[in-house]
Amino acid sequence: VQLQASGGGLVQTGGSLRLSCVVSGRTFSRDAIAWFRQAPGKEREFVAGISWTGDTRLADSVKGRFTISRDNARNTAYLQMNSLKPEDTAVYYCAVRPLVVISTPGWWGSWGQGTLVTVSS
C-alpha cells in the first residue's frame with residue numbers, strides 16, 4: 001500500500017490550498033480516507049475524513065473552511081483548504097482504512113509521507 005500526499009506549500013493568511021492523496025495497492029472504493037495534521041510540539045490531530053460511501057466528518061476547527069472529497073476513478077482524495085489561518089500550519093498526512101472514518105490516529109493502518117502547509121500572518 002502506498003499513499004502519496006502533495007499540494008502543501010507557503011500561503012498567506014486567508015489563502016487557499018488543495019492537498020491531494022493518491023492511494024495505490026488497495027481497493028480504494030472500499031476505503032475511508034482521512035487527513036490528519038501535526039504541528040511542531042503537538043500531537044497528531046484529526047482534520048477531515050470521508051467514508052467509502054462519501055459521508056464526511058470535519059474537525060470543529062476547520063468546519064466551514066475545509067472540504068474533503070474523493071475521486072474513486074483516480075484513487076485520489078482531496079482536502080480543499082480555504083480561509084487558512086496561521087494555526088493551520090502543520091505537516092498534513094493522509095491515511096486510509098477500511099470503510100468508515102474514525103478520528104483516532106491509531107485506527108489508521110496506512111499513512112502517506114506528509115506534506116507541509118505553512119500559513120504566514
Side-chain angles (χ1 to χ4, degrees):
V1 178
Q2 288 190 328
L3 288 78
Q4 182 68 44
S6 62
L10 174 63
V11 65
Q12 292 184 335
T13 296
S16 297
L17 284 173
R18 189 177 78 156
L19 307 184
S20 299
C21 178
V22 180
V23 180
S24 59
R26 294 179 64 97
T27 306
F28 183 79
S29 62
R30 298 278 291 176
D31 282 335
I33 310 296
W35 289 94
F36 293 79
R37 66 187 181 188
Q38 189 165 18
K42 295 188 176 181
E43 294 186 351
R44 192 167 297 190
E45 65 174 359
F46 174 81
V47 176
I50 184 166
S51 75
W52 74 291
T53 59
D55 293 332
T56 61
R57 289 176 60 183
L58 294 168
D60 288 344
S61 59
V62 305
K63 284 180 180 177
R65 301 188 298 123
F66 290 12
T67 303
I68 187 170
S69 61
R70 64 189 297 157
D71 182 345
N72 287 346
R74 297 178 183 272
N75 281 16
T76 302
Y78 303 97
L79 184 68
Q80 178 65 45
M81 305 186 296
N82 299 328
S83 302
L84 283 161
K85 305 175 181 180
E87 51 263 44
D88 295 318
T89 295
V91 178
Y92 284 69
Y93 299 90
C94 58
V96 65
R97 70 179 308 279
L99 302 179
V100 299
V101 175
I102 299 176
S103 61
T104 307
W107 284 94
W108 297 79
S110 299
W111 293 81
Q113 84 286 3
T115 185
L116 177 62
V117 172
T118 304
V119 185
S120 63
S121 57

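Both backbone and side-chain heavy atoms feed into the values below; hydrogens, waters and symmetry mates do not. Predicted model only: the values in this text are computed from it and were never measured.
- For the pair T76 (side chain) and R74 (backbone), a donor-acceptor distance under 3.5 Å is present.
- Put simply, the side chain of R37 does not reach to within 4.5 Å of the side chain of V91, judged on heavy atoms.
- Side-chain contact between T56 and F66: absent, with no pair of heavy atoms (C-beta onward) separated by less than 4.5 Å.
- One finds the OG atom of S103 at 12.0 Å from the CG atom of L58 (value rounded to the nearest 0.5 Å).
- Taking the ring centre of W108 as origin, the terminal cationic atom of R44 falls outside the region bounded by 6.0 Å and 45° from the ring axis.
- At least one side-chain heavy atom of V23 sits under 4.5 Å from a side-chain heavy atom of I33.
- Nearest approach of R26 to S110, heavy atoms of both residues: NH1-OG, 4.3 Å.
- Two residues are said to be in side-chain contact when any heavy atoms from C-beta on lie closer than 4.5 Å; M81 and V117 meet this criterion.
- With values rounded to the nearest 0.5 angstrom, E87 atom CD is found 9.0 Å from S61 atom OG.
- The main-chain N or O of G8 is found under 3.5 Å from a side-chain atom of T115 such that the two form a donor-acceptor pair.
- Checking side-chain atoms of R97 against main-chain N and O of W107 turns up a donor-acceptor pair under 3.5 Å.
- Placement of Y92 and V22 in two distinct hydrophobic clusters is found when ILVMFWY residues are connected by side-chain heavy-atom separations under 4.5 Å, directly or transitively.
- Tracing side-chain contacts under 4.5 Å through hydrophobic residues (I, L, V, M, F, W, Y), one never reaches I50 starting from I102; they form parts of separate clusters.
- Of the possible donor and acceptor atoms, one in the side chain of Q113 sits under 3.5 Å from a partner among the backbone N and O of A5.
- Side-chain atoms of W52 never come within 3.5 Å of backbone atoms of F28 as a donor-acceptor pair (strictly under, hydrogens ignored).
- In this pair, F46 and F36 present their aromatic rings perpendicular. The plane angle is above 60°, beyond the 30 to 60° band.
- The local environment of CD in Q2 is sparse, with at most 12 non-hydrogen atoms from other residues, nucleotides or ligands closer than 6.0 Å.
- Checked options L79, D88, L19; the residue passing with V47 is L79 (criterion: side-chain contact (heavy atoms from CB on, under 4.5 Å)).
- Linking ILVMFWY side-chain heavy atoms closer than 4.5 Å, directly or via other members, places Y93 and V96 in two distinct hydrophobic clusters.
- What you find for V1 and G25 is that their closest heavy atoms are CG2-O, 3.9 Å.
- The CG atom of L17 sits 9.0 Å away from atom CG of L10, with the distance rounded to the nearest 0.5 Å.
- Under 3.5 Å, the side chains of Y78 and R18 contain no donor-acceptor pair of N or O atoms.
- Counting only N and O atoms by type, the side chains of S16 and N82 include a donor and acceptor under 3.5 Å apart.
- No side-chain heavy atom of R57 sits under 4.5 Å from any side-chain heavy atom of S51.
- Two different hydrophobic clusters hold L3 and L116 under the rule that ILVMFWY side chains link at heavy-atom gaps under 4.5 Å.
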